[in-house]
Chemist: 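Handing you this structure, nothing more for now.
Chain naming here is simple, since letters A, B, ... match the order of the sequence lines and numbering starts at 1 in each.
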Number of protein chains: 2
Amino acid sequence: MGVKEKRAKYKEEFRRDILDAARELFINEGYENFSMRKLAEKIEYSPTTIYLYFKNKDDLLFAICEEFFGHFSDQLNHIRAVSRDPIETLRKVVLYLMNFGLKNPNQYKLIFFTKSVYGTREELVEKESMARNTYFVFREIVQDCIDAGKMKETEADVIVDTLTIASHGVVTKNIYCADFLKKRSGKAVRAMVDVLFRGLQK
Amino acid sequence: MGVKEKRAKYKEEFRRDILDAARELFINEGYENFSMRKLAEKIEYSPTTIYLYFKNKDDLLFAICEEFFGHFSDQLNHIRAVSRDPIETLRKVVLYLMNFGLKNPNQYKLIFFTKSVYGTREELVEKESMARNTYFVFREIVQDCIDAGKMKETEADVIVDTLTIASHGVVTKNIYCADFLKKRSGKAVRAMVDVLFRGLQK
DNA sequence: TATCCATACTTAACAGTGTTAGGATAATTG
DNA sequence: CAATTATCCTAACACTGTTAAGTATGGATA
(Lines give C-alpha, C1' and ligand atoms only; values in the text may rest on other atoms or scores of the structure.)
Protein backbone atom coordinates (compact mmCIF):
# COMPACT_ATOMS: atom_id res chain seq x y z
CA MET A 1 0.00 0.00 0.00
CA GLY A 2 1.42 3.36 -1.08
CA VAL A 3 1.78 6.27 1.25
CA LYS A 4 -1.13 8.10 -0.28
CA GLU A 5 -3.42 5.12 0.16
CA LYS A 6 -2.19 4.70 3.71
CA ARG A 7 -2.94 8.34 4.41
CA ALA A 8 -6.37 8.01 2.83
CA LYS A 9 -7.05 4.94 4.95
CA TYR A 10 -5.91 6.72 8.09
CA LYS A 11 -8.11 9.66 7.26
CA GLU A 12 -11.03 7.33 6.69
CA GLU A 13 -10.38 5.58 10.00
CA PHE A 14 -10.14 8.79 11.95
CA ARG A 15 -13.38 9.94 10.39
CA ARG A 16 -14.98 6.74 11.62
CA ASP A 17 -13.56 7.26 15.11
CA ILE A 18 -15.01 10.75 15.27
CA LEU A 19 -18.34 9.45 13.99
CA ASP A 20 -18.43 6.71 16.62
CA ALA A 21 -17.60 9.16 19.37
CA ALA A 22 -20.26 11.55 18.11
CA ARG A 23 -22.95 8.89 18.09
CA GLU A 24 -21.98 7.81 21.58
CA LEU A 25 -22.03 11.39 22.82
CA PHE A 26 -25.43 11.91 21.27
CA ILE A 27 -26.88 8.83 22.92
CA ASN A 28 -25.39 9.58 26.32
CA GLU A 29 -25.68 13.34 26.56
CA GLY A 30 -28.79 13.86 24.48
CA TYR A 31 -29.60 15.90 21.43
CA GLU A 32 -29.61 19.25 23.20
CA ASN A 33 -26.35 18.72 25.05
CA PHE A 34 -24.31 17.67 22.07
CA SER A 35 -21.71 20.14 20.88
CA MET A 36 -18.68 20.15 18.66
CA ARG A 37 -16.55 21.25 21.57
CA LYS A 38 -17.68 18.38 23.78
CA LEU A 39 -17.02 15.99 20.95
CA ALA A 40 -13.55 17.44 20.58
CA GLU A 41 -12.91 16.96 24.26
CA LYS A 42 -14.12 13.38 24.07
CA ILE A 43 -11.78 12.47 21.24
CA GLU A 44 -9.03 14.55 22.91
CA TYR A 45 -8.42 16.86 19.98
CA SER A 46 -9.05 20.53 19.50
CA PRO A 47 -12.47 21.50 18.13
CA THR A 48 -10.99 22.67 14.86
CA THR A 49 -9.58 19.24 14.06
CA ILE A 50 -13.10 17.92 13.52
CA TYR A 51 -13.48 20.44 10.72
CA LEU A 52 -10.68 18.71 8.83
CA TYR A 53 -12.83 15.60 8.58
CA PHE A 54 -16.30 17.13 8.37
CA LYS A 55 -17.34 20.29 6.60
CA ASN A 56 -19.43 21.42 9.56
CA LYS A 57 -21.81 20.18 12.23
CA ASP A 58 -24.58 19.42 9.73
CA ASP A 59 -22.19 17.38 7.63
CA LEU A 60 -21.27 15.30 10.67
CA LEU A 61 -24.91 14.78 11.59
CA PHE A 62 -25.69 13.79 8.02
CA ALA A 63 -22.99 11.11 8.19
CA ILE A 64 -24.55 9.64 11.33
CA CYS A 65 -27.98 9.68 9.70
CA GLU A 66 -26.67 7.82 6.69
CA GLU A 67 -25.13 5.24 8.97
CA PHE A 68 -28.49 4.71 10.62
CA PHE A 69 -30.39 4.43 7.36
CA GLY A 70 -27.90 1.81 6.18
CA HIS A 71 -28.71 -0.23 9.25
CA PHE A 72 -32.41 0.45 8.92
CA SER A 73 -32.73 -0.64 5.31
CA ASP A 74 -30.85 -3.82 6.20
CA GLN A 75 -33.42 -4.48 8.90
CA LEU A 76 -36.30 -3.91 6.51
CA ASN A 77 -34.81 -6.36 4.04
CA HIS A 78 -34.33 -8.88 6.80
CA ILE A 79 -37.91 -8.56 8.03
CA ARG A 80 -39.08 -8.92 4.45
CA ALA A 81 -36.97 -12.04 3.94
CA VAL A 82 -38.12 -13.96 7.01
CA SER A 83 -41.81 -13.08 6.77
CA ARG A 84 -44.14 -14.37 4.02
CA ASP A 85 -47.42 -12.51 4.41
CA PRO A 86 -46.98 -8.96 3.04
CA ILE A 87 -49.37 -7.35 5.54
CA GLU A 88 -47.56 -9.01 8.40
CA THR A 89 -44.26 -7.80 6.96
CA LEU A 90 -45.52 -4.24 6.75
CA ARG A 91 -46.91 -4.38 10.25
CA LYS A 92 -43.56 -5.56 11.56
CA VAL A 93 -41.75 -2.81 9.68
CA VAL A 94 -43.98 -0.12 11.14
CA LEU A 95 -43.60 -1.55 14.62
CA TYR A 96 -39.85 -1.70 14.15
CA LEU A 97 -39.73 1.97 13.16
CA MET A 98 -41.85 3.06 16.10
CA ASN A 99 -39.99 0.96 18.63
CA PHE A 100 -36.63 2.15 17.41
CA GLY A 101 -37.74 5.72 17.95
CA LEU A 102 -39.15 4.98 21.37
CA LYS A 103 -35.99 3.23 22.52
CA ASN A 104 -33.52 5.63 20.93
CA PRO A 105 -35.03 9.09 21.29
CA ASN A 106 -31.76 10.95 20.98
CA GLN A 107 -30.71 9.14 17.85
CA TYR A 108 -34.20 9.51 16.43
CA LYS A 109 -34.16 13.23 17.06
CA LEU A 110 -30.83 13.48 15.36
CA ILE A 111 -32.10 11.65 12.30
CA PHE A 112 -35.47 13.25 11.84
CA PHE A 113 -35.19 16.63 13.51
CA THR A 114 -32.00 17.68 11.81
CA LYS A 115 -33.70 20.09 9.51
CA SER A 116 -34.39 18.56 6.14
CA VAL A 117 -31.10 16.72 5.71
CA TYR A 118 -32.52 14.94 2.72
CA GLY A 119 -34.63 17.72 1.22
CA THR A 120 -37.79 16.95 -0.72
CA ARG A 121 -38.81 13.45 -1.72
CA GLU A 122 -37.89 14.28 -5.29
CA GLU A 123 -34.39 15.20 -4.14
CA LEU A 124 -34.26 12.13 -1.92
CA VAL A 125 -35.16 9.87 -4.80
CA GLU A 126 -32.64 11.50 -7.12
CA LYS A 127 -29.54 11.58 -4.97
CA GLU A 128 -27.90 8.31 -3.96
CA SER A 129 -28.20 7.86 -0.22
CA MET A 130 -28.99 5.26 2.38
CA ALA A 131 -32.17 7.12 3.19
CA ARG A 132 -33.20 6.65 -0.43
CA ASN A 133 -32.59 2.91 -0.29
CA THR A 134 -34.70 2.69 2.85
CA TYR A 135 -37.53 4.59 1.21
CA PHE A 136 -37.48 2.27 -1.80
CA VAL A 137 -37.57 -0.89 0.30
CA PHE A 138 -40.44 0.51 2.36
CA ARG A 139 -42.38 1.32 -0.78
CA GLU A 140 -41.78 -2.12 -2.24
CA ILE A 141 -43.19 -3.75 0.88
CA VAL A 142 -46.31 -1.59 0.58
CA GLN A 143 -46.55 -2.49 -3.10
CA ASP A 144 -46.40 -6.17 -2.16
CA CYS A 145 -49.52 -5.63 -0.04
CA ILE A 146 -51.35 -3.91 -2.87
CA ASP A 147 -50.31 -6.56 -5.40
CA ALA A 148 -51.52 -9.29 -3.04
CA GLY A 149 -54.93 -7.59 -3.15
CA LYS A 150 -54.89 -6.98 0.57
CA MET A 151 -54.72 -3.22 0.53
CA LYS A 152 -56.65 -0.42 -1.09
CA GLU A 153 -55.22 0.54 -4.43
CA THR A 154 -53.98 3.93 -3.35
CA GLU A 155 -50.60 4.99 -4.63
CA ALA A 156 -47.90 3.23 -2.64
CA ASP A 157 -46.21 6.62 -2.11
CA VAL A 158 -49.19 7.97 -0.23
CA ILE A 159 -49.46 4.88 1.96
CA VAL A 160 -45.76 5.07 2.82
CA ASP A 161 -46.32 8.69 3.80
CA THR A 162 -49.31 7.83 5.97
CA LEU A 163 -47.44 5.08 7.81
CA THR A 164 -44.18 6.95 8.32
CA ILE A 165 -45.97 10.12 9.33
CA ALA A 166 -48.06 8.30 11.92
CA SER A 167 -44.96 6.55 13.26
CA HIS A 168 -43.18 9.85 13.37
CA GLY A 169 -46.07 11.23 15.40
CA VAL A 170 -45.88 8.43 17.95
CA VAL A 171 -42.17 8.87 18.44
CA THR A 172 -42.20 12.66 18.66
CA LYS A 173 -45.11 12.46 21.09
CA ASN A 174 -42.87 10.36 23.26
CA ILE A 175 -39.96 12.74 22.89
CA TYR A 176 -41.93 15.85 23.82
CA CYS A 177 -44.26 14.43 26.40
CA ALA A 178 -42.38 13.29 29.47
CA ASP A 179 -43.20 9.82 30.75
CA PHE A 180 -45.33 9.01 27.73
CA LEU A 181 -43.10 6.05 27.04
CA LYS A 182 -43.24 4.66 30.55
CA LYS A 183 -46.97 4.82 30.95
CA ARG A 184 -48.86 4.74 27.69
CA SER A 185 -46.63 4.29 24.67
CA GLY A 186 -47.36 0.56 24.42
CA LYS A 187 -51.09 1.22 24.33
CA ALA A 188 -50.66 4.14 21.94
CA VAL A 189 -48.52 2.13 19.54
CA ARG A 190 -51.00 -0.73 19.46
CA ALA A 191 -53.95 1.64 19.04
CA MET A 192 -52.23 3.54 16.24
CA VAL A 193 -51.14 0.44 14.34
CA ASP A 194 -54.60 -1.11 14.65
CA VAL A 195 -56.31 2.03 13.40
CA LEU A 196 -53.84 2.40 10.52
CA PHE A 197 -54.18 -1.17 9.26
CA ARG A 198 -57.93 -1.22 9.82
CA GLY A 199 -58.09 1.94 7.75
CA LEU A 200 -55.72 0.77 5.04
CA GLN A 201 -56.66 -2.87 4.48
CA LYS A 202 -59.30 -3.94 2.03
CA MET B 1 -57.21 53.02 40.95
CA GLY B 2 -54.37 52.97 43.50
CA VAL B 3 -50.77 53.21 42.57
CA LYS B 4 -50.10 49.59 43.28
CA GLU B 5 -52.93 48.54 41.00
CA LYS B 6 -51.67 50.95 38.40
CA ARG B 7 -48.24 49.42 38.66
CA ALA B 8 -49.65 45.95 38.45
CA LYS B 9 -51.62 46.96 35.38
CA TYR B 10 -48.56 48.54 33.81
CA LYS B 11 -46.54 45.45 34.52
CA GLU B 12 -49.25 43.30 33.02
CA GLU B 13 -49.41 45.50 29.93
CA PHE B 14 -45.67 45.47 29.42
CA ARG B 15 -45.71 41.71 29.76
CA ARG B 16 -48.31 41.57 27.02
CA ASP B 17 -46.25 43.88 24.81
CA ILE B 18 -43.24 41.64 25.18
CA LEU B 19 -45.37 38.60 24.47
CA ASP B 20 -46.80 40.16 21.34
CA ALA B 21 -43.36 41.14 20.12
CA ALA B 22 -42.06 37.66 20.85
CA ARG B 23 -44.84 35.98 18.91
CA GLU B 24 -44.29 38.31 15.99
CA LEU B 25 -40.56 37.67 16.05
CA PHE B 26 -41.17 33.95 16.10
CA ILE B 27 -43.50 34.07 13.13
CA ASN B 28 -41.23 36.33 11.09
CA GLU B 29 -37.78 35.07 11.96
CA GLY B 30 -38.57 31.44 12.63
CA TYR B 31 -38.05 29.13 15.54
CA GLU B 32 -34.28 28.76 15.08
CA ASN B 33 -33.61 32.46 14.69
CA PHE B 34 -35.48 33.58 17.74
CA SER B 35 -33.37 34.84 20.62
CA MET B 36 -33.85 36.84 23.78
CA ARG B 37 -31.37 39.41 22.53
CA LYS B 38 -33.23 39.93 19.26
CA LEU B 39 -36.47 40.25 21.17
CA ALA B 40 -34.83 42.83 23.41
CA GLU B 41 -33.69 44.77 20.36
CA LYS B 42 -37.19 44.63 18.89
CA ILE B 43 -38.83 46.03 21.99
CA GLU B 44 -35.93 48.48 22.38
CA TYR B 45 -34.94 47.41 25.87
CA SER B 46 -31.89 45.64 27.18
CA PRO B 47 -32.02 41.83 27.24
CA THR B 48 -32.07 41.76 31.01
CA THR B 49 -35.32 43.71 31.19
CA ILE B 50 -37.19 40.76 29.78
CA TYR B 51 -36.11 38.77 32.81
CA LEU B 52 -38.07 41.15 35.02
CA TYR B 53 -41.27 40.00 33.34
CA PHE B 54 -40.43 36.39 32.57
CA LYS B 55 -38.42 33.99 34.66
CA ASN B 56 -36.48 32.76 31.64
CA LYS B 57 -36.85 31.87 27.98
CA ASP B 58 -38.92 28.76 28.72
CA ASP B 59 -41.31 30.79 30.83
CA LEU B 60 -41.81 33.22 27.98
CA LEU B 61 -42.41 30.40 25.51
CA PHE B 62 -44.87 28.81 27.91
CA ALA B 63 -46.85 32.04 28.03
CA ILE B 64 -47.12 32.09 24.25
CA CYS B 65 -48.20 28.46 24.22
CA GLU B 66 -50.93 29.20 26.74
CA GLU B 67 -52.12 32.06 24.58
CA PHE B 68 -52.40 29.71 21.64
CA PHE B 69 -54.25 27.02 23.58
CA GLY B 70 -56.73 29.61 24.74
CA HIS B 71 -57.47 30.48 21.13
CA PHE B 72 -57.48 26.83 20.12
CA SER B 73 -59.97 25.67 22.75
CA ASP B 74 -62.24 28.54 21.74
CA GLN B 75 -62.10 27.26 18.17
CA LEU B 76 -62.93 23.72 19.25
CA ASN B 77 -65.94 24.96 21.19
CA HIS B 78 -67.06 26.98 18.21
CA ILE B 79 -66.77 24.06 15.81
CA ARG B 80 -68.67 21.93 18.29
CA ALA B 81 -71.42 24.53 18.58
CA VAL B 82 -72.08 25.02 14.86
CA SER B 83 -71.88 21.35 13.88
CA ARG B 84 -74.43 18.72 14.88
CA ASP B 85 -73.04 15.34 13.81
CA PRO B 86 -70.30 14.34 16.29
CA ILE B 87 -68.15 12.54 13.70
CA GLU B 88 -68.27 15.56 11.45
CA THR B 89 -67.32 17.75 14.39
CA LEU B 90 -64.36 15.56 15.21
CA ARG B 91 -63.24 15.48 11.60
CA LYS B 92 -63.35 19.25 11.45
CA VAL B 93 -61.37 19.53 14.68
CA VAL B 94 -58.64 17.24 13.39
CA LEU B 95 -58.50 19.11 10.09
CA TYR B 96 -58.30 22.40 11.96
CA LEU B 97 -55.38 21.17 14.03
CA MET B 98 -53.50 19.89 10.99
CA ASN B 99 -54.11 22.96 8.92
CA PHE B 100 -53.07 25.29 11.70
CA GLY B 101 -49.76 23.46 11.93
CA LEU B 102 -49.26 23.49 8.18
CA LYS B 103 -49.97 27.21 7.91
CA ASN B 104 -48.09 28.28 11.04
CA PRO B 105 -45.02 26.09 11.21
CA ASN B 106 -43.03 28.44 13.41
CA GLN B 107 -45.77 28.85 15.94
CA TYR B 108 -46.50 25.14 15.86
CA LYS B 109 -42.86 24.34 16.52
CA LEU B 110 -42.88 26.71 19.40
CA ILE B 111 -45.94 25.10 20.91
CA PHE B 112 -45.15 21.44 20.43
CA PHE B 113 -41.37 21.30 20.21
CA THR B 114 -40.67 23.30 23.31
CA LYS B 115 -39.64 20.34 25.36
CA SER B 116 -42.46 19.08 27.50
CA VAL B 117 -43.87 22.42 28.59
CA TYR B 118 -46.85 20.66 30.02
CA GLY B 119 -45.22 17.51 31.37
CA THR B 120 -47.12 14.25 31.53
CA ARG B 121 -50.82 13.97 30.84
CA GLU B 122 -51.38 13.43 34.54
CA GLU B 123 -49.63 16.71 35.25
CA LEU B 124 -51.49 18.40 32.41
CA VAL B 125 -54.83 17.28 33.80
CA GLU B 126 -53.94 18.35 37.34
CA LYS B 127 -52.60 21.82 36.76
CA GLU B 128 -54.92 24.52 35.51
CA SER B 129 -53.89 25.60 32.04
CA MET B 130 -55.31 26.46 28.65
CA ALA B 131 -53.72 23.31 27.27
CA ARG B 132 -55.73 21.34 29.81
CA ASN B 133 -58.98 22.98 28.74
CA THR B 134 -58.20 22.15 25.14
CA TYR B 135 -57.51 18.55 26.00
CA PHE B 136 -60.82 18.26 27.85
CA VAL B 137 -62.86 19.73 25.02
CA PHE B 138 -61.14 17.43 22.53
CA ARG B 139 -61.93 14.41 24.70
CA GLU B 140 -65.56 15.44 25.09
CA ILE B 141 -65.97 15.62 21.34
CA VAL B 142 -64.54 12.12 21.03
CA GLN B 143 -66.86 10.94 23.81
CA ASP B 144 -69.80 12.41 21.87
CA CYS B 145 -68.86 10.12 18.97
CA ILE B 146 -68.69 7.08 21.21
CA ASP B 147 -71.97 7.94 22.94
CA ALA B 148 -73.65 8.35 19.57
CA GLY B 149 -72.62 4.76 18.83
CA LYS B 150 -70.56 5.82 15.85
CA MET B 151 -67.15 4.92 17.17
CA LYS B 152 -65.51 1.88 18.68
CA GLU B 153 -65.80 1.84 22.44
CA THR B 154 -62.13 2.37 23.08
CA GLU B 155 -61.22 4.73 25.89
CA ALA B 156 -61.67 8.30 24.70
CA ASP B 157 -58.17 9.07 26.00
CA VAL B 158 -56.57 6.61 23.63
CA ILE B 159 -58.53 7.93 20.65
CA VAL B 160 -57.52 11.51 21.47
CA ASP B 161 -53.92 10.33 21.57
CA THR B 162 -54.23 8.55 18.23
CA LEU B 163 -55.73 11.59 16.53
CA THR B 164 -53.40 14.20 17.98
CA ILE B 165 -50.36 12.02 17.41
CA ALA B 166 -51.25 11.47 13.78
CA SER B 167 -51.90 15.20 13.31
CA HIS B 168 -48.61 15.93 14.98
CA GLY B 169 -46.93 13.59 12.52
CA VAL B 170 -48.41 15.35 9.51
CA VAL B 171 -47.31 18.75 10.73
CA THR B 172 -43.81 17.74 11.72
CA LYS B 173 -43.39 15.95 8.42
CA ASN B 174 -44.13 19.25 6.78
CA ILE B 175 -41.73 21.10 9.02
CA TYR B 176 -38.80 18.77 8.44
CA CYS B 177 -39.36 17.88 4.83
CA ALA B 178 -38.90 20.88 2.59
CA ASP B 179 -41.64 21.52 0.06
CA PHE B 180 -43.88 18.84 1.53
CA LEU B 181 -46.53 21.46 2.08
CA LYS B 182 -46.39 22.83 -1.44
CA LYS B 183 -46.59 19.53 -3.24
CA ARG B 184 -48.23 16.80 -1.22
CA SER B 185 -49.56 17.96 2.10
CA GLY B 186 -53.13 18.25 0.83
CA LYS B 187 -53.08 14.66 -0.36
CA ALA B 188 -51.34 13.49 2.80
CA VAL B 189 -53.84 15.22 5.06
CA ARG B 190 -56.79 13.71 3.21
CA ALA B 191 -55.21 10.25 3.16
CA MET B 192 -54.39 10.40 6.84
CA VAL B 193 -57.82 11.62 7.94
CA ASP B 194 -59.55 9.01 5.78
CA VAL B 195 -57.44 6.19 7.18
CA LEU B 196 -57.94 7.40 10.74
CA PHE B 197 -61.71 7.68 10.55
CA ARG B 198 -62.04 4.49 8.56
CA GLY B 199 -60.02 2.80 11.28
CA LEU B 200 -61.86 4.38 14.18
CA GLN B 201 -65.50 4.38 13.12
CA LYS B 202 -67.81 1.49 13.82
C1' DT C 1 22.31 15.02 4.04
C1' DA C 2 19.82 19.30 3.73
C1' DT C 3 15.95 21.52 2.01
C1' DC C 4 11.26 21.74 0.92
C1' DC C 5 6.55 21.12 1.53
C1' DA C 6 2.28 19.01 2.44
C1' DT C 7 -0.18 17.08 6.27
C1' DA C 8 -2.00 17.22 10.84
C1' DC C 9 -3.14 19.79 14.32
C1' DT C 10 -3.44 23.92 17.39
C1' DT C 11 -4.20 28.68 19.30
C1' DA C 12 -6.78 32.71 19.23
C1' DA C 13 -10.42 34.95 17.80
C1' DC C 14 -15.29 36.37 16.02
C1' DA C 15 -19.95 36.59 16.51
C1' DG C 16 -23.52 34.70 18.57
C1' DT C 17 -26.38 32.41 22.62
C1' DG C 18 -29.03 32.35 27.68
C1' DT C 19 -28.47 34.23 32.04
C1' DT C 20 -26.94 36.74 36.34
C1' DA C 21 -24.74 40.13 39.61
C1' DG C 22 -24.57 44.55 40.75
C1' DG C 23 -25.05 49.34 39.81
C1' DA C 24 -27.69 53.58 38.26
C1' DT C 25 -31.74 56.35 37.93
C1' DA C 26 -36.23 57.75 38.65
C1' DA C 27 -40.62 57.50 41.25
C1' DT C 28 -43.06 56.81 45.47
C1' DT C 29 -43.41 56.61 50.28
C1' DG C 30 -42.71 57.95 55.30
C1' DC D 1 -36.34 66.01 52.48
C1' DA D 2 -34.63 61.29 53.25
C1' DA D 3 -35.42 56.48 52.53
C1' DT D 4 -37.09 53.06 49.92
C1' DT D 5 -38.50 50.70 45.98
C1' DA D 6 -39.44 49.90 41.12
C1' DT D 7 -37.29 49.83 36.82
C1' DC D 8 -33.81 49.43 33.76
C1' DC D 9 -28.98 49.03 32.31
C1' DT D 10 -23.88 47.69 31.87
C1' DA D 11 -20.69 44.21 32.20
C1' DA D 12 -19.70 39.83 32.65
C1' DC D 13 -19.79 34.49 32.64
C1' DA D 14 -19.97 30.37 30.38
C1' DC D 15 -21.40 28.52 26.61
C1' DT D 16 -22.15 27.75 21.17
C1' DG D 17 -20.40 26.98 15.81
C1' DT D 18 -16.85 28.36 12.92
C1' DT D 19 -12.63 30.42 10.71
C1' DA D 20 -7.96 32.54 9.92
C1' DA D 21 -3.53 31.98 10.72
C1' DG D 22 0.24 29.70 12.63
C1' DT D 23 3.25 25.61 14.20
C1' DA D 24 5.33 21.30 14.31
C1' DT D 25 6.41 16.90 11.97
C1' DG D 26 7.84 13.67 8.90
C1' DG D 27 8.27 11.97 4.17
C1' DA D 28 9.90 13.29 -0.62
C1' DT D 29 13.17 15.39 -3.31
C1' DA D 30 17.47 18.07 -4.89
Side-chain angles (χ1 to χ4, degrees), chain A residues 1-19 21-23 25-26 28-65 106 109-110 113-117, chain B residues 1-19 21-23 25-26 28-65 106 109-110 113-117:
Chain A
M1 194 176 351
V3 177
K4 278 206 171 165
E5 282 82 9
K6 229 175 194 168
R7 280 230 177 101
K9 188 170 173 264
Y10 168 74
K11 192 133 191 166
E12 196 48 50
E13 270 174 16
F14 198 1
R15 208 183 129 96
R16 279 226 60 79
D17 290 345
I18 297 175
L19 225 50
R23 200 185 332 97
L25 199 62
F26 245 103
N28 292 338
E29 298 286 321
Y31 184 87
E32 283 78 16
N33 298 320
F34 174 87
S35 81
M36 297 298 262
R37 290 178 134 99
K38 280 181 190 161
L39 175 57
E41 202 171 349
K42 187 179 169 72
I43 60 172
E44 293 183 300
Y45 282 85
S46 89
T48 49
T49 300
I50 300 168
Y51 288 83
L52 298 171
Y53 298 87
F54 297 92
K55 222 181 80 191
N56 53 28
K57 193 181 179 180
D58 275 357
D59 188 37
L60 191 149
L61 300 186
F62 176 81
I64 302 181
C65 290
N106 286 324
K109 270 197 237 181
L110 163 62
F113 286 8
T114 305
K115 52 177 177 192
S116 71
V117 185
Chain B
M1 191 176 351
V3 177
K4 276 207 173 167
E5 283 80 9
K6 228 176 196 169
R7 276 227 179 107
K9 188 171 174 264
Y10 167 74
K11 192 134 191 166
E12 196 47 49
E13 270 174 17
F14 198 1
R15 207 184 129 96
R16 278 228 59 79
D17 290 344
I18 297 174
L19 225 50
R23 199 185 334 96
L25 199 61
F26 245 103
N28 292 338
E29 298 285 321
Y31 184 87
E32 283 78 16
N33 298 320
F34 174 87
S35 82
M36 297 297 262
R37 292 177 134 99
K38 279 181 190 162
L39 174 58
E41 203 171 348
K42 187 179 169 73
I43 61 173
E44 292 183 300
Y45 282 85
S46 88
T48 50
T49 300
I50 301 168
Y51 287 83
L52 298 169
Y53 298 87
F54 298 92
K55 222 182 81 191
N56 52 28
K57 192 180 179 182
D58 276 357
D59 188 37
L60 192 149
L61 299 187
F62 176 82
I64 303 181
C65 290
N106 285 323
K109 270 197 238 183
L110 163 61
F113 286 8
T114 304
K115 50 176 179 191
S116 71
V117 184

Chemist: Starting at the 5' end of DNA chain D and moving along, which residue's nearest nucleotide shows up first, A:Asn33 or B:Thr49?
Modeler: B:Thr49

Chemist: On the 0 to 90° scale, with breaks at 30° and 60°, tag the B:Phe34-B:Phe26 ring pair as parallel, tilted or perpendicular.
Modeler: parallel

Chemist: Listing time: all N or O pairs from protein to nucleotides 19-22 of chain D that are below 3.5 Å?
Modeler:
none

Chemist: Could you tell me which residues satisfy side-chain contact (heavy atoms from CB on, under 4.5 Å) with A:Tyr45, sequence neighbours excluded, listed by chain and number?
Modeler: A:Phe14, A:Ile43, A:Thr49

Chemist: For the pair made of NZ in A:Lys11 and P in C:dA6, what is the distance, rounded to whole Å?
Modeler: 14 Å

Chemist: Among the candidates C:dC9, D:dT18, C:dG18, find the nucleotide nearest to the side-chain atoms of B:Lys57.
Modeler: C:dG18

Chemist: Is any side-chain N or O of B:Tyr53 closer than 4.0 Å to OP1 or OP2 of D:dT7?
Modeler: no

Chemist: Of all of residues 34-45 of chain B, which get a heavy atom below 4.0 angstrom from DNA chain D, listed by number?
Modeler: B:Arg37, B:Tyr45

Chemist: Checking B:Asn33 now: which residues fulfil side-chain contact (heavy atoms from CB on, under 4.5 Å) with it, not counting sequence neighbours?
Modeler: B:Glu29, B:Lys38

Chemist: Rounding to a whole Å, what distance do you find between B:Leu52:CG and C:dA21:P?
Modeler: 13 Å

Chemist: Can you name the residues that form a side-chain contact (heavy atoms from CB on, under 4.5 Å) with A:Tyr51, not counting sequence neighbours?
Modeler: A:Met36, A:Asn56

Chemist: Take the C1' atoms of the five end pairs on each side of the helix from C:dT1-D:dA30 to C:dG30-D:dC1, derive the two axes, and give their angle rounded to 10 degrees.
Modeler: 30°

Chemist: Please work out if A:Phe54 contacts a base, only the sugar-phosphate, or nothing of the nucleic acid, heavy-atom cut-off 4.0 Å.
Modeler: nothing

Chemist: Are A:Phe54 and A:Leu19 side-chain neighbours, meaning at least one heavy-atom pair lies under 4.5 Å?
Modeler: yes

